[in-house]
Amino acid sequence: HLGAALAHTHARGFVHLDVKPSNVIVVRGRPVLFDFGVAGRPGRLRRPTGTDPYMAPEQCRAETVTPATDIFGFGVTLYEALSGQLPYPNGTRRCPFPQTHIGPLALRRHVAAVPVSLEELVMSCLATDPVARPSLAALLPALHGFIKHGPPMWPPGFSPATAA
């Protein structure tokens with residue numbers, strides 16, 4: 001559902017720039033992405049915008065943001081949902097954005113029961129290079145394959161094939 005919300009946002013020419021668990025509420029059993037307060041058009045940022053642990057490296061450096069920037073925040077959110085941990089250590093005053101110079105800790109290091117293929121998918125969202133991150137069109141159907149129970153993955157009227 002969060003991916004569908006991002007696909008909808010991106011299709012209208014915006015990036016959210018603050019995808020994180022506290023910007024998700026659950027309505028009738030389905031997660032809903034909200035707080036578009038820092039959303040904007042893709043392009044170069046004037047300053048880092050977002051919440052530090054969820055910001056993509058290009059966002060931390062106030063470079064060009066694209067839909068791939070939201071994929072990074074989505075990946076951090078998935079990682080945290082699966083493990084209860086963040087993929088990077090906390091930043092410090094001297095080094096506020098560790099995601100700009102170190103790789104994420106392996107997801108299965110926190111939760112060995114996570115399937116290797118799911119770990120690979122989540123970790124691909126955390127690629128330093130935005131071009132290396134999966135598109136929503138590839139990511140959403142792959143994630144759907146891991147859902148075993150619960151409400152339907154797609155909201156009524158949404159098709160991941162047409163989201164691209």
Worksheet entry | Distance-minimising heavy-atom pair for Cys95 and His101 | SG-CE1, 2.8 Å

Worksheet item: Any chain of hydrophobic side-chain contacts (each under 4.5 Å) joining Phe14 to Val24?
Response: no

Discussion item. In this structure, would Leu107 and Leu139 fall into the same cluster of hydrophobic residues linked by side-chain contacts under 4.5 Å?
Written reply: yes

Worksheet item: If you count the non-hydrogen atoms of other residues, nucleotides and ligands that lie under 6.0 Å from CZ in Arg109, is the total more than 12?
Response: no

Item to complete: Compare every heavy atom of Pro42 with every heavy atom of Pro67, then report the nearest pair and how far apart it is.
Response: CD-CG, 4.5 Å

Fill in: Leu105 backbone acceptor or donor facing Tyr79 side chain under 3.5 Å
yes

Fill in: Whether Arg12 side chain and Ala7 backbone form a donor-acceptor pair below 3.5 Å
no

Fill in: Approximate separation, where rounding is to 0.5 Å, of Leu78 CG and Ser83 OG
10.5 Å

Fill in: Residue pair Val111 / Leu82, side-chain heavy-atom distance below 4.5 Å
no

Worksheet, complete the sentence: Only one of Val38, Leu33, Thr49, Asp70 passes side chain to side chain contact (heavy atoms under 4.5 Å, CB included) with Asp18, and that residue is Val38

Worksheet item: Roughly how far apart are Leu6 CG and Leu140 CG, rounded to 0.5 Å?
Response: 8.5 Å

Worksheet item: What's the verdict on side-chain contact (heavy atoms from CB on, under 4.5 Å) for Leu143 and Leu118, showing C-alpha distance, side-chain angles and the deciding distance?
Response: CA-CA 8 Å; Leu143 286 172; Leu118 178 56; 4.0 Å; yes

Practice prompt. Answer yes if Val15 and Phe36 sit in the same cluster of Ile, Leu, Val, Met, Phe, Trp and Tyr residues linked by side chain heavy atoms under 4.5 Å apart, and no otherwise.
Written response: no

Worksheet entry | Candidates His16, Gln59, Glu58 - the one meeting side-chain hydrogen bond (donor to acceptor under 3.5 Å, both in side chains) with Thr69 | Glu58

Worksheet item: Taking all atoms of both residues into account, what is the closest heavy-atom pair of Pro130 and Ala68, and its distance?
Response: O-CB, 3.5 Å

Worksheet item: Of all heavy-atom pairs between Pro96 and Asp52, which one has the smallest distance, and what is that distance?
Response: O-OD2, 4.2 Å

Worksheet entry | Derivation of the side-chain contact (heavy atoms from CB on, under 4.5 Å) call for Leu86 and Tyr54 | CA-CA 9 Å; Leu86 290 168; Tyr54 303 91; 3.7 Å; yes

Discussion item. For Met55, is there any backbone N or O sitting under 3.5 Å from a side-chain donor or acceptor partner on Gln99?
Written reply: yes

Worksheet item: When you look at Arg61 and Phe97, which way does the side-chain contact (heavy atoms from CB on, under 4.5 Å) test go after all the steps?
Response: CA-CA 9 Å; Arg61 293 187 291 261; Phe97 304 116; over 6 Å; no

Response to the item:
All heavy atoms of Arg133 vs all of Ala127, minimum pair found to be NE-O, 2.8 Å

Discussion item. For the NE2 atom of His110 and the CD atom of Gln85, what is their distance to the nearest 0.5 Å?
Written reply: 5.0 Å

Worksheet item: How long is the span from the CG atom in Leu121 to the CE atom in Met123, to the nearest 0.5 Å?
Response: 11.5 Å

Practice prompt. Taking atom CG of Asp129 as the centre, report whether more than 12 heavy atoms of other residues, nucleotides or ligands fall under 6.0 Å from it.
Written response: yes

Worksheet entry | Least distance between heavy atoms, Tyr88 atom then Gly103 atom | CE2-C, 3.6 Å

Discussion item. Can you confirm whether Thr51 sits close enough to Asn23 that some side-chain heavy atom of one is under 4.5 Å from a side-chain heavy atom of the other?
Written reply: no

Worksheet item: Hey, what do you get for SG (Cys125) to CD (Glu120), rounding to the nearest 0.5 Å?
Response: 12.5 Å

Practice prompt. Output the distance between atom OG1 (Thr77) and atom CD1 (Ile71), rounded to the nearest 0.5 Å.
Written response: 11.0 Å

Discussion item. Please say yes or no: joined through hydrophobic side-chain contacts below 4.5 Å, possibly via intermediate residues, are Leu136 and Val32 part of one cluster?
Written reply: no

Item to complete: Decide whether Val122 and Phe74 are clustered together by the hydrophobic rule: side chain heavy atoms of Ile, Leu, Val, Met, Phe, Trp, Tyr closer than 4.5 Å, transitively.
Response: yes

